[in-house]
Amino acid sequence: MNAKDYELRMLTERYVRGDGSPEERSSYEELMLTDDGVLEIYMQVLSELDAELPGMADPEAFAEQVVEHEQIKPYTSKAPLRNQERPKRWYERAIVHYAIAASITMLFLFTGAFDRLLPSEISGQVPLSDTPSYSEQWVEKTTGWLDRLLSR
């Protein structure tokens, strides 16, 4: 252990025991916040001096005292409270937004708009093929699945 580590250990022991001036204590706290090595030394000294430190007489009373302290304020929400007298309008409900999005998606599927998104020739013309479009294939699979489900 070099001289610096020994000095930090002695400073830590004084801090844990409550010795030292308020300036020394505040400078040590700042040092603990900036240097992880000092924090490790603090944890080691704290575990070594655990038997020497006084115990807490009533932990529940201490916790209650901390909770009821006048300077400790509970978290307050920054969002304004919604007026409870007025119900949500129909267009403010999330289900309406989902229904509109699903309707537009189905419209694009049935019209074949998604087929135009596939890479095509540079001229921009989508060549006609004998196979049905993807949207038609999906519609066929979906209706076939629904028919099988309803026939049971």
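For the side chain to side chain donor-acceptor pair (under 3.5 Å) test, residues two or more places apart in sequence or in another chain that qualify with Ser133 are Asp115, Ser135. Taking the salt bridge (charged side-chain N to carboxylate O under 4.0 Å, His left out) definition, one finds that Glu24 meets it with Arg14, sequence neighbours left out. Residues that satisfy the side chain to side chain donor-acceptor pair (under 3.5 Å) test with Glu40, not counting sequence neighbours, are absent from this structure. The side chain to side chain donor-acceptor pair (under 3.5 Å) check on Glu52 picks up Arg17, with sequence neighbours excluded.
One finds the CG atom of Leu109 at 9.0 Å from the OG1 atom of Thr142 (value rounded to the nearest 0.5 Å). For the atom pair CD (Glu30) and CE (Met32), the distance works out to 11.0 Å, reported to the nearest 0.5 Å. Going from atom CG of Leu31 over to atom CG of Leu11 covers 7.5 Å, rounded to the nearest 0.5 Å. Between the CD atom in Glu64 and the CG atom in Asp58 there is a gap of 10.5 Å [rounded to 0.5 Å].
Using a 4.0 Å cut-off between charged side-chain N and carboxylate O, Arg9 and Glu48 make a salt bridge. Of the charged side-chain nitrogens involved, none lies within less than 4.0 Å of a carboxylate oxygen, so that Lys4 and Glu7 do not count as a salt-bridged pair.
Screening residues 133-144 for salt bridge (charged side-chain N to carboxylate O under 4.0 Å, His left out) gives no qualifying pairs among residues at least two apart or on separate chains.
Residue Leu8 comes nearest to Thr12 through the heavy atom pair O-OG1, 2.6 Å, listed as atom of the first residue, atom of the second, then distance. Contact between Met56 and Pro59 at its shortest, heavy atoms only, is SD-CA, 3.7 Å. Nearest heavy atom pair, residue Tyr15 against residue Glu29, reads OH-OE2, 2.8 Å.
Put simply, Tyr134 and Leu107 are part of two different groups of oily side chains (I, L, V, M, F, W, Y) that touch within less than 4.5 Å, one to the next. Tyr98 and Ile104 fall into different hydrophobic clusters, where Ile, Leu, Val, Met, Phe, Trp and Tyr residues are linked whenever their side-chain heavy atoms come under 4.5 Å apart, directly or through other members.
Within 6.0 Å of the CE atom in Met10, the count of heavy atoms belonging to other residues, nucleotides or ligands exceeds 12.
Through chains of ILVMFWY side-chain contacts below 4.5 Å, Trp145 is grouped with Leu146, Leu149.
Ring orientation note: the planes of Tyr28 and Tyr42 are tilted relative to one another, at an angle of 30° to 60°.
Between the side chain of His97 and the backbone N or O of Glu92 there is no donor-acceptor pair closer than 3.5 Å.
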